[in-house]
Amino acid sequence: MSFYTMIDGIIAEILKRENSGWFSVAGPVSPNNIAKIETQLNVRFPVQMMEYLARYGSISNGDSCLQGIFENDPDYCGGSAILYHTLEARKLYRLPTKYVVIEEDSFMWMVVIDTETGVVHEYHTTNEKIVSTINNSFNEFLMRFLFIAFPGEDWAETINSLGFNDFGG
């Protein structure tokens, strides 16, 4: 089973259990629209992040959003929360060009991905610097983000029930 087959199953399970509308997936994004955002940010997204954008666009869980591109809603953040938040962070907090904002949790810190290495970091806006590594890849961060959707869930059991038996836990 591929990683994204497993993610599709997890998302389907979350959507089946979640009925308040707090969890949502924006939907697929075309390669042309992904390329436009890359050009505007002067970066090349890591392969794992490009796959996420192409399949899901953006994923929201209540007040948290794994930033993305909104193919069907060009008026929201100019059609791309990644573009909007990254350009703002570059202007206001001197975020270096190789980083892209993938989650903005508060006015003091944000989650960024290094587009050269694919490593996910915490960036403090007050210190204007990377302060820690969160995950070594975008896919690891995506799993973490989805697990937060239902705290306390035995995700190893859920993932195993979906047929991905090598997850562990």
Side-chain angles (χ1 to χ4, degrees), residues 1-19 21-39 41 43-73 77 79-83 85-86 98-105 109-123 130 132-169:
M1 174 185 298
S2 76
F3 176 79
Y4 281 99
T5 301
M6 178 185 64
I7 295 298
D8 290 344
I10 293 169
I11 289 172
E13 188 67 23
I14 292 171
L15 289 170
K16 184 170 71 174
R17 295 178 188 195
E18 209 306 301
N19 59 11
W22 276 69
F23 186 88
S24 65
V25 177
V29 177
S30 70
N32 286 343
N33 283 344
I34 293 171
K36 283 181 198 174
I37 301 302
E38 287 178 316
T39 299
L41 292 174
V43 298
R44 179 94 171 117
F45 295 137
V47 172
Q48 292 178 354
M49 186 173 169
M50 288 178 65
E51 181 71 19
Y52 159 79
L53 293 169
R55 292 176 79 96
Y56 310 114
S58 180
I59 298 175
S60 296
N61 177 31
D63 292 336
S64 295
C65 180
L66 184 48
Q67 305 294 349
I69 301 170
F70 306 94
E71 184 98 357
N72 297 321
D73 192 0
C77 289
S80 172
I82 287 176
L83 178 64
H85 291 293
T86 300
K98 72 177 188 169
Y99 296 106
V100 171
V101 177
I102 59 173
E103 185 179 11
E104 188 178 58
D105 270 353
W109 69 276
M110 56 189 61
V111 178
V112 298
I113 188 166
D114 183 327
T115 58
E116 295 172 0
T117 66
V119 176
V120 178
H121 301 282
E122 180 179 358
Y123 185 84
I130 298 292
S132 66
T133 297
I134 297 173
N135 291 104
N136 290 319
S137 73
F138 183 83
N139 284 354
E140 288 177 14
F141 184 77
L142 175 57
M143 291 288 287
R144 175 187 165 275
F145 185 85
L146 291 175
F147 291 171
I148 291 171
F150 283 93
E153 176 75 25
D154 183 353
W155 282 107
E157 183 178 311
T158 301
I159 290 169
N160 287 339
S161 74
L162 294 170
F164 196 78
N165 300 320
D166 296 329
F167 178 75

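Keep in mind the model is a prediction, meaning the values are calculated, not measured.
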Atom of Ile14, atom of Leu146 and distance for their closest heavy-atom approach: CD1-O, 3.9 Å
Over all atoms of both residues, closest heavy-atom pair of Ile69 and Ala26: O-CB, 4.5 Å
Backbone of Leu66 reached by a side-chain donor or acceptor of Ser58 within 3.5 Å: yes
Salt bridge (charged side-chain N to carboxylate O under 4.0 Å, His left out) involving Arg44 - partner list, sequence neighbours excluded: Glu38
Spacing of Gln67 atom CD and Thr86 atom OG1 [to the nearest 0.5 Å]: 8.0 Å
Nearest-0.5 Å distance, CG of residue Leu53 to CD1 of residue Ile37: 9.0 Å
Within-4.5 Å side-chain heavy-atom neighbours: Ile59 and Leu142: yes
side-chain contact (heavy atoms from CB on, under 4.5 Å) against Glu122, all qualifying residues, sequence neighbours excluded: Trp109, His124, Val131, Ser132, Ile134
Results of side chain to side chain donor-acceptor pair (under 3.5 Å) for Ser24 - residues two or more places apart only: none
Set of residues satisfying ring pair (Phe, Tyr, Trp, His ring centres under 6.0 Å) with respect to Phe138, sequence neighbours excluded: Tyr52
Side chain to side chain contact (heavy atoms under 4.5 Å, CB included) assessment of Glu51 paired with Asn139: CA-CA 10 Å; Glu51 181 71 19; Asn139 284 354; over 6 Å; no
Verdict with supporting geometry, His85 and Met110, side chain to side chain contact (heavy atoms under 4.5 Å, CB included): CA-CA 10 Å; His85 291 293; Met110 56 189 61; over 6 Å; no
Minimal non-hydrogen separation, Met50 against Ile34, with atom names: O-CD1, 3.9 Å
Trace of the side chain to side chain contact (heavy atoms under 4.5 Å, CB included) decision for Ile11 with Leu15: CA-CA 6 Å; Ile11 289 172; Leu15 289 170; 3.8 Å; yes
Side chain to side chain donor-acceptor pair (under 3.5 Å) involving Asn136 - partner list, sequence neighbours excluded: none
Non-hydrogen side-chain atoms of Asp8 and Arg55 separated by less than 4.5 Å: yes
For Glu103, salt bridge (charged side-chain N to carboxylate O under 4.0 Å, His left out) partners two or more places apart: none
Full working for side chain to side chain contact (heavy atoms under 4.5 Å, CB included) between Phe3 and Gln48: CA-CA 10 Å; Phe3 176 79; Gln48 292 178 354; over 6 Å; no
Over all atoms of both residues, closest heavy-atom pair of Ser60 and Cys65: OG-SG, 3.5 Å
With Val43, the side-chain contact (heavy atoms from CB on, under 4.5 Å) member among Asp114, Thr115, Ile113: Thr115
